Each structure stands twice: as C-alpha cells, then as structure tokens.
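First comes the structure, then the notes that go with it.
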Amino acid sequence: MKKLIVVAAAAGLMSLAACNKSTDNTTNATNALENATDNLENATDNAVDAAANVTGNATDAATNAAGNAVNAAANATDAAANATNAAANSAEKH
C-alpha cells in the first residue's frame, strides 16, 4: 500500500512538473518570438538609417566636390592674374 501511495504521489508530481514545464516552454517560446520580432524591427530600422546616411553622405560629397571645383577655378584665375602682375612688375623694373 505504501508503494502504491508513493507511486501515485510520484506520478502526480511528475504530471505537475510536466504541466509547469510546458508552461515554461510556452513562455520561453513566446519570449524568443518577441525577441526575434524586436531584432527584426531593429534590423529594419538600422537598414533604413544606413540607407539615409549613404544618401546624405553622397549628397554632401557631391556638394563638396562642386565647391572645390569652383574654388580651384578661382585659384587658377588668381594665379593667372598673379603671373600677369609679376610680368608687368618685371617689365617695369627693367
């Protein structure tokens, strides 16, 4: 009789443990799914931000290149004027 009670108690405890474990597994699976969803949202946000950064950087680089070209042309004009002035100054001294 004692063995039967022990076996019944053990079976009951195992059933209870199995139920609790099932709940724990469901909770873990739910948490894992929520984490995966959050990770996917973060990856999407990061990709959108990266694309915006690339576009912004390309626009800035093109603007800087255009400004540099204008400045280079102005420098070339100034250099030509300086050469003309130097030639005129040299001619005046001789």
Side-chain angles (χ1 to χ4, degrees):
M1 185 75 172
K2 287 183 181 180
K3 288 183 183 181
L4 181 60
I5 292 173
V6 170
V7 169
L13 289 175
M14 289 189 319
S15 296
L16 181 60
C19 289
N20 286 338
K21 188 168 187 162
S22 176
T23 302
D24 290 345
N25 287 341
T26 301
T27 301
N28 290 340
T30 302
N31 290 340
L33 182 58
E34 288 175 1
N35 288 342
T37 302
D38 290 344
N39 288 341
L40 182 58
E41 288 175 4
N42 290 338
T44 301
D45 290 343
N46 289 342
V48 170
D49 291 344
N53 288 340
V54 167
T55 302
N57 290 343
T59 301
D60 291 345
T63 301
N64 289 340
N68 290 343
V70 169
N71 291 338
N75 289 342
T77 301
D78 291 345
N82 289 341
T84 301
N85 290 337
N89 291 338
S90 179
E92 288 175 6
K93 290 183 181 181
H94 293 313

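Just so you know, these numbers come straight off a predicted model, no measurement behind them.
- How far CG of Leu40 is from CG of Asn35: 12.5 Å, rounded to the nearest 0.5 Å.
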> Going through the checks in order, is the side-chain contact (heavy atoms from CB on, under 4.5 Å) test met by Thr37 and Glu34?
Replying inline: CA-CA 5 Å; Thr37 302; Glu34 288 175 1; 5.6 Å; no
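- Checked by atom type and distance alone, the side chain of Ser90 never pairs as donor or acceptor with a backbone atom of Ala86 at under 3.5 Å.
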